[in-house]
**Q** 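Sharing a structure below in structure tokens format, with a few things to ask.
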Amino acid sequence: MKIDQTYNPTEVEAQWYDFWLKNGYFRADETSEKEPYTIVIPPPNVTGSLHMGHALFVTLQDLLIRWKRMDGFEALWLPGTDHAGIATQVMVERELAKEGTDRHELGREEFLKRVWAWKDEHGGTIIDQMKHMGASCDWERERFTLDEGLSKAVREAFVRLYEDGLIYRGERMVDWDVIGQTVLSDLEVDREEEMGKLWYLKYPLADGSGHIVVGTTRPETMFGDTAVAVHPDDPRYKDMIGKMIRLPLVDREIPIIADTVLPDPTKGSGAVKITPSHDPNDFECGIRHNLARIQVIDFHAKINENAPAEFVGLDRFDARKLVVQRFEELGLLDRIEDKPFTPGRSQRTGAIVEPLPMLQWFVKGEPLAKPAIEAVESGRTEIIPAVWKKTYDHFMYNIRDWCISRQLWWGHQIPAWYCDDCDHITVNRQDPTHCEGCKSANIRRDEDVLDTWFSSALWPFSTLGWPEKTVELDKFYPTQVLETGFDILFFWVARMMMMGTYFMDDVPFDKVFLHAMVRDAEGQKMSKTKGNVIDPLHMIYGAQSEDLDAELHAELLRQYPEGVDAQGADALRFTLAMYAAQGRDIKLEVKRIEGYRAFLNKLWNAARFGLMNLEGFEAPSYKTFTDVWTTEDSSKPFVPADLSIADQWILTRLNQTITEIQTELEEFRFNEVAQSLYRFVWNDLCDWYIELIKPALYDDTPEGAATRKAAQSTLLFTLESVLRLMHPITPFITEDIWQALPRAEDAPKSIMIAAFPHARPELEMTAAHDQMALLLDIISSIRAIRGETNVKPGVVIDEVFFVTEDVNKRAAIESGAAYIQRQAKSSTLTIISAADAAKLEGVATAMVQGIEIRIPLKGLINIEEELARLNKEISRVEADIAFVSRKLSNEKFVAKAPEEIIAKERAKIQAYENEHNALLASLAELKTLEASG
RNA sequence: GGGCGCAUAGCUCAGCGGGAGAGCGACGGCCUUACAAGCCGUUGGUCACAGGUUCAAAUCCUGUUGCGCCCACCA
């Protein structure tokens, strides 16, 4: 049982995933008696590949699942992928374009075959990559939003919502993606402010009595104007209401109408051109006044034949220029103002969307939102961090109907049939053969598919077999936690809440944990154009410079021209957990991943040290040793004999760490979990405990056998326990080491099915812990004197004196002398009285927990240095005294502060004064010594 | 236009009523038989600014400034 001399993450991580998989440890049993703990994965795009955002959610969700699995729950992490309508379709279309064809030439059926082929070829990539992260998903339950079962769920949901009047088809103003050739929902349109212009155009009155000026940001839409609206109370235009305008360029007459809703006398010229076909406001205004709708921009953003000949076929922005030019030529351009505005852009294609009135399918927002709001309000579902609740509420209270139809082929085709002979629409669970209204066989199915997010909204129950009443659904719904990024709070989380409460009559999850966004070290979003992408797989397996893309990874190459070393999935996971403080951007630095790999190397070496010193050590039976974690039963306490105070100290620290981690996990404070582990492993276990027990371990005499065995037991127990605590974050290295540790026959086969530690009262050995803590303080203090007075590390200090009247402390020093001697490189330790201390000449002094430490110099210590050190100490203590006495002399403080605070301050000042006196005495002696040469 | 968040050590961030913490960096010293991917020590901060509440404020309240994000039919 040995492990390699150096920690090689790639080697360590190679074998264990298959081992876990083969043993079926990831499988969740729906018939189990155990309490369920379910997380559904946020399904990544099926054609995507792993990025840092995925790496973060895999880390956090796997952490939760592995923890709960070890903790005795029936843990289900349900994986799957999303068909990602537009994204996937666009990729295949791009491929077709290279072949010089397109989907229309291919036809719907052939095209879909191509997409499925693409999916089959590339769809496994991201799943495979998640496995490299260590994801312990129940792969046997992997789902795909377009698979048979989920398609059935989508169909059922659509039909039911339609039957219940919550889905309707209607003509509404929608945002059209002129590149993607589909409508988009509000959420898929991004708005970013840019500088634009506001053109003031003169529209001549038909009777020749003058003109009216309208302001517009979109002059090219004027071909579709069907009115100009003014406010009835606007004195400037009162007399013009009812008059006709002769619309320039198109030579058509349109009325000036009075409208109280739209025109704002303080904005623009106060008169608004009305283009019902190309502006949402104008659309509404058109309905109010029964205005005609003339579409002048087509679906490819070109001017159509409703405009004068010279404009037909022009791109809308070219047309804009020409319109302005013609107006200027006609002397009808009043003026131009600069004006910032925010055009809507398609999130996917970047195209400036064109608002158009179209017949589309919608889901009603309000009735579905109500119970979802209620669920969060009542605390049934808790959103963490709580700040997001406001955002959720704001969205839900202002929810708008959701446009769910898309003019794509890749997706769930809408189950609606239109009749050519009557206007009946058939919506059915089964494909109909004829019209439900007139029985005609001339029916056509709606060509459109559903928004991808419609199927995602059903994910927490569709993946468990809904609409069938399955055992899985019964066991695992509602899920316990939804863990995802806040960027899809509206797209996904809110909609799952709505659909879950509607179809399942219960929320889809108890808790929603929203994590931060992973960005680069400067806080910039990772993107190809910025060249700041950090690929998780490069971090895990390393990347030679030639593996890196000059464009994509420009920043990384700048930092690491030679490429990066393999850091391992464990180091990446530990780093991401460490970064996962609530409600913040994650500014990922490669250096930090390297730092945590060093931490894992530290753990590795601690284990190696353990193994080297456990040779021949027989592990006690699992049932009586490490198995203490499986039970709260105190009849099975952990009681190795002959524990040293160092042993008791580390066990107490371990127990304290377990307590901390328990709370931190429960409260999703993953960064603190990682921090507690880091501190315990590095500072407590490695820096102190291992050093403290070396003499005991190296002692193979018969007299030392008992303490040696106690140290071995404690070391093994501590290592074994901390591996379990770390396993949810760093599964590979912990398994690898754990498998190498001595174990009894009856131990479990894998750490991942071992029990997660809970704090145990019998490990809280306070007296020994405090005694050891005192010794550690003393050691640190002597080391500090050595360091600051330039005593060479190799030099042994002959004599160290301790002054204290406290019997307990005297006993502690006496019994712990060996620790001090070794750790602080000192030989003779003597406890003396204050009177004898006064006789010492030329000593360095320090104060620890009321104990004076005095080290005679005798050429050992540099006097200059010691004087400097003393003076620094003295001014520090004087500042402390001043601070506390100021507080204590404040009458109000003494009158109003709680008793224990005051008592604490009194004790403090006492201690400071003692220290001060000792230091002053030492200073005086030192000066005498210096004077005498 | 409305809403939310953030300003703490050179850097990245914890802390969120009782005397400012970590990691990295910097500086000094060590190849001490687990680890130089290491060990020992040191340094480093008007906790953005201005008021207020309190015996006590980095922490609570108000305002200011600077960044960031979200929502909004934005002539």
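Numbers restart at 1 for each chain; the letters A, B, ... are given by sequence-line order, proteins then strands.
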**Q** Categorize A:Ala895 for me: base, sugar-phosphate, or nothing, with a 4.0 angstrom heavy-atom threshold over every strand shown.
**A** nothing
**Q** With sequence neighbours left out, what residues match A:Arg191 under side-chain hydrogen bond (donor to acceptor under 3.5 Å, both in side chains)?
**A** none
**Q** Provide the distance between the two P atoms, one in B:A22 and one in B:C16, to the nearest whole Å.
**A** 16 Å
**Q** Is the ring pair A:Phe599/A:Phe574 parallel, tilted or perpendicular, if the boundaries are 30 and 60 degrees?
**A** tilted
**Q** Roughly how far apart, to the nearest Å, are B:A58 and B:G21 at atom P?
**A** 13 Å
**Q** Please determine whether a side-chain nitrogen or oxygen atom of A:Lys872 lies at a distance below 4.0 Å from atom OP1 or OP2 of B:U43.
**A** yes
**Q** Go through the structure and list residues passing side-chain hydrogen bond (donor to acceptor under 3.5 Å, both in side chains) with A:Arg236, not counting sequence neighbours.
**A** A:Asp234
**Q** Applying side-chain hydrogen bond (donor to acceptor under 3.5 Å, both in side chains), can you list everything that pairs with A:Lys339, at least two apart in sequence or on another chain?
**A** none
**Q** Using a cutoff of under 3.5 Å, can you pull out all pairs of nitrogen or oxygen atoms linking the protein to nucleotides 23-25 of chain B, with atom names and distances?
**A**
none

**Q** If only atom types and distance count, is the side chain of A:Asn601 paired as donor or acceptor with the main-chain N or O of A:Arg597 below 3.5 Å?
**A** no
**Q** Any donor-acceptor pair under 3.5 Å linking the side chain of A:Arg783 with the backbone of A:Gln823?
**A** yes
**Q** Which residues satisfy the ring pair (Phe, Tyr, Trp, His ring centres under 6.0 Å) test with A:Phe223, sequence neighbours excluded?
**A** A:Phe311
**Q** Applying side-chain hydrogen bond (donor to acceptor under 3.5 Å, both in side chains), can you list everything that pairs with A:Thr730, at least two apart in sequence or on another chain?
**A** none
**Q** Please name all residues satisfying ring pair (Phe, Tyr, Trp, His ring centres under 6.0 Å) with A:Trp199, sequence neighbours left out, ordered by chain then number.
**A** none
**Q** Does a side-chain N or O of A:Lys896 approach OP1 or OP2 of B:C55 to a distance below 4.0 Å, or not?
**A** yes
**Q** Please identify each residue that fulfils salt bridge (charged side-chain N to carboxylate O under 4.0 Å, His left out) with A:Glu878, with sequence neighbours left out.
**A** none
**Q** Contact class for A:Arg597 vs. all strands (heavy atom < 4.0 Å): base, sugar-phosphate, or nothing?
**A** base
**Q** Expected output check: what is the dot-bracket annotation of RNA chain B, where ( ) and [ ] are pairs inside the strand (brackets for crossing ones), | is paired with another strand, and pairs are Watson-Crick or G-U under 3.5 Å?
**A** ((((((((.[[[[.)..(..]]]].(((((.......))))).....[[[[[..)....]]]]])))))))....
**Q** Examine A:Tyr678 together with A:Trp682 and report whether their ring centres are nearer than 6.0 Å.
**A** yes
**Q** Could you note down all residue pairs passing side-chain hydrogen bond (donor to acceptor under 3.5 Å, both in side chains) where residues 885-895 of chain A supplies at least one of them, sequence neighbours left out?
**A** none
**Q** Round to the nearest Å and state the distance from A:Leu489 atom CG to B:G5 atom P.
**A** 15 Å
**Q** Looking for any heavy atom pair under 4.0 Å, which part of the strands does A:Pro343 touch: base, sugar-phosphate only, or nothing?
**A** nothing
**Q** Scan side-chain atoms only and decide if A:Glu188 and A:Ser185 contain a donor-acceptor pair under the 3.5 Å cut-off.
**A** yes
**Q** Taking the minimum atom-to-atom distance to the side chain of A:Glu788, which one of B:U12, B:G41, B:C55 wins?
**A** B:G41
**Q** Pick out the pairs of N or O atoms, protein on one side and nucleotides 31-36 of chain B on the other, that lie under 3.5 Å.
**A**
unit_1, atom_1, unit_2, atom_2, d
B:A34, OP1, A:Lys694, NZ, 3.2
B:A34, OP2, A:Tyr698, OH, 3.1
B:A34, O3', A:Arg608, NH2, 3.2
B:A34, O2', A:Asn605, OD1, 2.6
B:A34, O2', A:Arg608, NE, 3.4
B:A34, O2', A:Arg608, NH2, 2.7
B:A34, N7, A:Lys694, NZ, 3.4
B:A34, N6, A:Cys686, O, 3.2
B:A34, N6, A:Glu691, OE2, 3.1
B:A34, N3, A:Asn605, O, 3.2
B:A34, N3, A:Ala606, N, 3.4
B:C35, O4', A:Asn605, OD1, 2.9
B:C35, O4', A:Asn605, ND2, 3.4
B:C35, O2', A:Asn601, ND2, 3.2
B:C35, O2, A:Lys602, NZ, 2.9
B:C35, N3, A:Lys602, NZ, 2.6

**Q** Where do N or O atoms of nucleotides 69-71 of chain B meet protein N or O atoms at under 3.5 Å, pair by pair?
**A**
none

**Q** Taking for each residue the nucleotide of RNA chain B with the nearest heavy atom, is it A:Val214 or A:Arg783 whose nucleotide lies nearer the 5' end?
**A** A:Arg783
